[in-house]
S.K.: 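One structure follows; several queries about it will come next.
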Amino acid sequence: MDVTTIVDPLNDAQREAVTAPKRPTLVLAGAGSGKTRVLVHRIAWLICVEGLSPQQLLAVTFTNKAASEMRQRIEALLGVPTRHFWIGTFHGLAHRLLRIHWHEADLAEGFQIMDSEDQLRMIRRLLKRLELDENEWIPREIQWFINAQKDEGLRPDRVNDDGDLKRGQMIEFYKHYEKMCADSSVVDFGELLLRALELFKNKPDILEQYRARFHHLLVDEFQDTNTIQYQWLKLVAGTEGTPFVVGDDDQSIYRWRGARVENLHLFEKDFKGTHIVRLEQNYRSTANILNAANAIIKNNSSRLGKKLWTEGDPGEPIMLYTAFNERDEAEFVINRIEDYFGQGYKRSEIAVLYRSNAQSRIFEESLLAAGIPYRVYGGLRFFERAEIKDALAYLRLIANRDDDPSFERVVNKPSRGVGARTIEAVRAHAVRQDSSLWRATIAIISDNELPKRSSRALSKFLQLVNGLDSDTGEMPLHDQVRYVTEASGLIAHHGRDGQMSGEARIENLKELVSAALGLIRNDDSELPPLAEFLSYAVLESGEGQAEADEDGVQLMTLHSAKGLEFPLVFLCGLEDGLFPHQRSISDVGGLEEERRLCYVGLTRAQKRVFLTYAERRRLYGSENFGLPSRFIDEIPQELLEEVRPALSVSRPIYRPKNTLEDAVAIDIGQRVRHHKFGDGVVLNCEGSGSHTRVQVNFERAGTKWLVITYANLELM
DNA sequence: CATACAGACATAAAC
DNA sequence: TGTCTGTATG
């Protein structure tokens with residue numbers, strides 16, 4: 001391998017990072033500055049120049065997609081297979097460790113992983129068992145609480161109740177939850193990380209073994225690490241370690257799921273002599289787009305500081321369209337899209353981005369009506385579909401009879417006469433003898449304490465699962481999966497459905513067989529194929545609505561757009577309250593994260609950006625009047641161009657809010673109070689100065705025109 | 001046991 | 001407003 005192939009395609013900053021000496025290195029990589037390239041070339045450099053063996057590298061990413069992209073690019077650059085490289089997600093790598101050291105980590109050998117939905121079901125079951133009211137103990141909140149503790153690396157005994165009773169009870173619940181998971185030999189996502197951390201903390205000899213081995217740690221999207229992930233990294237690196245991390249504080253948008261941008265600051269402190277490299281040259285967007293993005297992000301405090309620049313052209317101005325309502329907004333976008341088809345753009349080169357999923361519907365409707373293929377990101381992924389999870393539940397029971405969540409999921413699916421009462425009896429028995437549902441069922445049948453019909457139904461189920469196990473013991477994985485989907489009765493069950501959905505479900509079950517056939521076994525895996533497949537299914541839940549339309553207009557939230565790029569980007573719904581979202585507006589941290597989200601959105605675009613907002617928007621059934629997003633104000637006027645001048649609109653379109661005159665003006669949608677008419681919303685506004693009149697829709701008194709100077713309206 | 005209806009709920013979502 | 005979930009019902 002020639003060093004020049006590794007180094008030549010790089011710019012100065014990239015080269016500095018790639019060839020950095022063996023020291024802790026922090027690469028601040030702006031959007032579109034070649035972050036992945038640096039990681040890939042760094043790995044190549046370490047192998048080819050520093051002479052490291054791939055076995056000494058540990059590369060961590062957040063998504064499977066990022067991990068496999070890195071693999072592919074390394075293979076393309078070095079021309080060697082990367083099967084045996086330790087490249088993966090935090091969870092994937094933690095899982096790999098725990099499979100090897102399950103005993104030392106105090107886990108059952110065949111432990112299974114729960115996804116978030118399984119976890120929620122588990123919490124619901126526990127609430128029932130503890131006889132707690134779901135209206136008072138909201139399962140989602142408990143799930144949130146438990147995961148938040150795990151993100152911070154905290155076991156129940158280390159969580160402080162802050163003298164708060166409810167919090168104290170939550171901690172109690174967390175304890176019960178842990179026992180319940182242990183009893184069924186299942187772990188949730190957070191538990192994978194926590195166990196992996198504790199493994200290294202409690203078993204210094206094992207830690208030492210990995211420290212000696214992984215001389216080079218590489219971390220992608222470092223700004224997304226949470227507390228426990230960073231703790232784990234620090235442990236693996238040790239004081240002598242020289243981790244190489246790449247991140248961008250301006251693109252940190254996952255605070256709400258535990259990510260800590262502060263880790264970027266901590267890194268410098270925790271690793272003495274950190275070498276910092278800034279990648280600021282952008283190869284993606286026009287100068288206008290970058291300047292707009294820079295101007296917006298400038299308003300955030302405590303940034304590490306970075307300013308994107310490009311050698312390229314200024315490009316077109318950023319276009320701003322003020323829509324009358326959300327329908328008009330969608331129509332505008334679709335019209336523009338059609339224009340751009342005429343200019344030779346492909347559908348997949350166009351992205352419509354929005355803050356929240358609910359906004360996608362109107363675009364879908366309009367695209368459908370216009371006959372333009374599209375693809376919506378998000379939604380249920382393959383391994384999350386109900387019928388797939390049913391089939392997986394049977395397979396999990398084959399692997400581990402004590403898997404209670406799976407037991408409950410399929411005892412009566414397809415229905416075999418195990419009703420709610422019967423299940424209740426089994427649950428009660430399980431609690432009494434402190435055993436799994438499976439063993440409780442065996443006991444309850446031999447005790448003869450149930451009506452014959454229920455007993456027979458239950459034992460039919462036990463026999464079914466035992467039969468599935470013994471019948472398929474010798475089969476290759478995919479035959480086993482096929483056999484289980486058929487013999488469990490799931491296929492027949494969906495066949496009886498008669499509806500289109502039944503047909504689609506059967507297709508998915510067949511697809512599951514193909515997935516099993518296509519499973520690439522890990523080289524040094526000690527797991528039986530079935531167990532490996534089950535773990536794979538949870539950790540890599542597949543694409544959501546993937547190849548629905550190969551070449552379609554891309555619809556997605558700003559969050560899912562991170563890491564992607566498109567020649568043409570529509571950033572829609574730029575209204576205060578929607579983006580920035582209402583729930584983030586009140587605290588500074590939340591607002592700054594929204595601003596980063598806006599920065600992420602803008603920097604997705606290569607050539608053109610359209611910003612749109614609607615003056616009124618129907619959301620959840622009621623009409624809302626929105627003000628243009630404050631982020632629009634943060635873009636310098638000279639970079640913006642309004643698409644539609646005042647012509648056909650009855651009310652003022654976009655006005656910058658930060659002028660003195662407008663500071664006292666009343667905006668459309670403003671809530672006001674009148675001493676006589678009560679509370680209302682400003683619908684319209686005309687005139688200027690002391691002649692300004694506003695139309696207000698009062699909750700009780702109806703719609704009225706009032707002259708501002710006399711009305712004495714109180715802003716709310 | 002499948003279907004209909006009522007009621008809750010609606011920020012973002014990887015593993 | 002639309003979708004999903006849980007339950008009541010035939």
Side-chain angles (χ1 to χ4, degrees), chain A residues 60-67 88-96 113-121 124 134-135 138-140 143-144 147 150-151 187-193 196 220-221 224-226 228-229 252-259 326 353-362 364-365 377-381 383-384 386 412-420 457 493 496-499 502 535-544 556-563 573 577-585 590 593-594 596-597 600-601 617-624:
Chain A
V60 199
T61 63
F62 274 86
T63 64
N64 291 298
K65 204 173 144 212
T89 63
F90 277 101
H91 294 86
L93 295 166
H95 173 244
R96 201 161 166 181
I113 309 164
M114 290 190 286
D115 67 12
S116 334
E117 193 216 333
D118 300 334
Q119 186 188 30
L120 197 61
R121 284 165 171 270
R124 291 221 170 88
E134 279 203 12
N135 293 314
I138 319 243
R140 288 214 162 278
Q143 182 181 34
W144 189 271
N147 289 339
K150 292 195 177 189
D151 281 346
V187 297
D188 58 42
F189 288 127
E191 189 72 17
L192 284 173
L193 301 179
D220 189 16
E221 305 277 19
D224 288 342
T225 51
N226 61 27
I228 192 170
Q229 287 160 339
S252 159
I253 55 174
Y254 288 114
R255 195 177 73 128
W256 51 275
R257 58 176 205 212
E326 76 281 358
L353 309 182
Y354 36 79
R355 173 66 233 262
S356 64
N357 284 309
Q359 288 166 256
S360 78
R361 228 175 48 84
I362 185 88
E364 290 187 62
E365 283 171 9
Y377 282 69
L380 270 196
R381 327 247 293 284
F383 288 106
E384 289 168 354
N412 200 33
K413 198 179 281 177
S415 29
R416 53 176 65 86
V418 182
H493 171 70
R496 253 178 277 124
D497 192 317
Q499 298 181 3
S535 308
Y536 168 84
V538 189
L539 286 176
E540 181 145 12
S541 33
E543 288 263 310
M556 68 189 84
T557 63
L558 287 153
H559 282 90
S560 15
K562 190 173 158 221
L578 189 58
F579 185 34
H581 196 275
Q582 196 57 51
R583 293 168 78 150
S584 311
I585 253 167
E593 180 145 310
E594 298 281 313
R596 293 192 289 267
L597 199 51
V600 166
R617 177 180 299 273
R618 209 176 180 87
L619 206 64
Y620 308 139
S622 58
E623 194 92 12
N624 295 274

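To find a chain, count down the sequence lines: A is the first, B the second, and so on, and within it residues start at 1.
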S.K.: Among the candidates B/dT11, B/dA13, C/dT3, find the nucleotide nearest to the side-chain atoms of A/Arg361.
M.R.: C/dT3
S.K.: State which of B/dT11, B/dC15, B/dA13 makes the closest approach to the side chain of A/Glu594.
M.R.: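 The listed nucleotide nearest to A/Glu594's side chain is B/dT11.
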S.K.: Could you tell me whether a side-chain N or O of A/Asp224 sits under 3.5 Å from a main-chain N or O of A/Ala259, the two making a donor and an acceptor?
M.R.: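 Not confirmed, A/Asp224 side chain does not pair with A/Ala259 backbone.
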S.K.: Let me know the distance between CG of A/Asp220 and P of B/dA14, rounded to the nearest Å.
M.R.: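 Between P of B/dA14 and CG of A/Asp220: 16 Å.
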S.K.: Tell me, with the steps shown, if A/Gln119 and A/Ser116 meet side chain to side chain donor-acceptor pair (under 3.5 Å).
M.R.: CA-CA 5 Å; A/Gln119 186 188 30; A/Ser116 334; 5.4 Å; no
S.K.: Picking from B/dC15, B/dA13, C/dG6, which would you name as closest to the side chain of A/Arg124?
M.R.: C/dG6
S.K.: A/Trp256 stacking on B/dA12: centroids under 5.5 Å, ring planes under 30°?
M.R.: yes
S.K.: Consider the side chain of A/Arg355, meaning its heavy atoms from C-beta on, and name the nucleotide among C/dT3, B/dT11, B/dC15 that approaches it most closely.
M.R.: B/dT11
S.K.: Would you call A/Glu593 and A/Arg596 a salt bridge, taking side-chain N to carboxylate O under 4.0 Å as the test?
M.R.: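 Result for this pair is yes, salt bridge flagged.
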S.K.: Between P on C/dT5 and CG on A/Leu120, what's the gap in Å once rounded to a whole number?
M.R.: 11 Å
S.K.: Is A/Ser560 near enough to B/dA12 that one of its side-chain N or O atoms lies under 4.0 angstrom from OP1 or OP2?
M.R.: no
S.K.: Rounding to a whole Å, what distance do you find between A/Glu384:CD and B/dC15:C1'?
M.R.: 10 Å
S.K.: Taking OP1 and OP2 of B/dA13, is either one under 4.0 Å from a side-chain nitrogen or oxygen of A/Thr557?
M.R.: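 Yes, A/Thr557 has a side-chain N/O under 4.0 Å of OP1/OP2 on B/dA13.
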S.K.: Does a side-chain N or O of A/Arg381 approach OP1 or OP2 of B/dC15 to a distance below 4.0 Å, or not?
M.R.: yes
S.K.: Starting at atom CD1 of A/Ile138, determine the distance to atom C1' of B/dC9, rounded to an integer number of angstrom.
M.R.: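 Taking atom C1' of B/dC9 as the reference, CD1 of A/Ile138 is at 11 Å.
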S.K.: If we only count heavy atoms from C-beta on, is the A/Leu558 to A/Val600 side-chain gap below 4.5 Å?
M.R.: no
S.K.: Taking only the side-chain heavy atoms of A/Arg257 (C-beta and beyond), determine which of B/dA13, B/dC15, B/dT11 contains the nearest atom.
M.R.: B/dA13
S.K.: Determine the Euclidean distance between corresponding P atoms of B/dA13 and C/dC4; express it in Å to zero decimal places.
M.R.: 16 Å
S.K.: Using a 4.0 Å heavy-atom cut-off across all strands, classify A/Asp115 as base, sugar-phosphate, or nothing.
M.R.: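 Touches nothing.
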S.K.: Nearest 0.5 Å, please: how far is CZ in A/Arg617 from CD in A/Glu623?
M.R.: 10.5 Å
S.K.: May I have the distance from A/Asp151 (atom CG) to B/dA13 (atom P), rounded to whole angstrom?
M.R.: 17 Å
S.K.: Starting from the 5' end of DNA chain B, give me the residue, A/Ile253 or A/Phe189, whose nearest nucleotide shows up first.
M.R.: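 First, find each residue's nearest nucleotide; the 5'-ward one identifies A/Ile253.
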S.K.: Of the nucleotides B/dT11, B/dA14, B/dA12, which one has an atom closest to the side chain of A/Asn357?
M.R.: B/dA12
S.K.: Calculate the interatomic distance between A/Leu619 atom CG and B/dT11 atom C1'; express it in whole Å.
M.R.: 11 Å
S.K.: With a non-hydrogen cut-off below 4.0 angstrom, is A/Gly577 in contact with a base, only sugar-phosphate, or nothing?
M.R.: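 The answer is nothing, as A/Gly577 stays clear of every strand by at least 4.0 Å.
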S.K.: Does the ring of A/His91 lie flat against the base of B/dC15, closer than 5.5 Å centre to centre with planes under 30°?
M.R.: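 Not stacked by the 5.5 Å and 30° rule.
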S.K.: Rounded to whole Å, please give me the gap between CD in A/Glu117 and C1' in C/dT5.
M.R.: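 After rounding, the gap between these two atoms is 12 Å.
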S.K.: Assess the residue pair A/His581 and A/Ser356 against the criterion (side chain to side chain donor-acceptor pair (under 3.5 Å)); give the C-alpha distance rounded to whole Å, side-chain angles, the decisive distance to 0.1 Å, and a yes or no.
M.R.: CA-CA 9 Å; A/His581 196 275; A/Ser356 64; 5.7 Å; no
S.K.: Is it the case that B/dC15 (base atoms only) and A/Ser116 (side chain only) share a donor and an acceptor within less than 3.5 Å, ignoring hydrogens and angles?
M.R.: yes
S.K.: Please work out whether the ring planes of A/Phe189 and A/His91 are parallel, tilted or perpendicular, with thresholds of 30° and 60°.
M.R.: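 The rings of A/Phe189 and A/His91 stand perpendicular, inter-plane angle above 60°.
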S.K.: Quickly work out the A/Tyr377 OH to B/dA12 C1' distance and round it to whole Å.
M.R.: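 Rounded to the whole Å, the gap is 17 Å.
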S.K.: Find which nucleotide of DNA chain B each of A/Phe90 and A/Tyr620 is nearest to by heavy atoms, and output the residue with the more 5' nucleotide.
M.R.: A/Tyr620
S.K.: Which nucleotide sits closest to the side chain of A/Arg618: C/dT1, B/dA12, B/dA14?
M.R.: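 Closest nucleotide to the A/Arg618 side chain: C/dT1.
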S.K.: Tell me the partner of C/dG2, counting only Watson-Crick (N1-N3 plus N6-O4 or O6-N4) or G-U wobble (N1-O2 and O6-N3) with both under 3.5 Å; none if nothing fits.
M.R.: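 Pairing partner: B/dC9.
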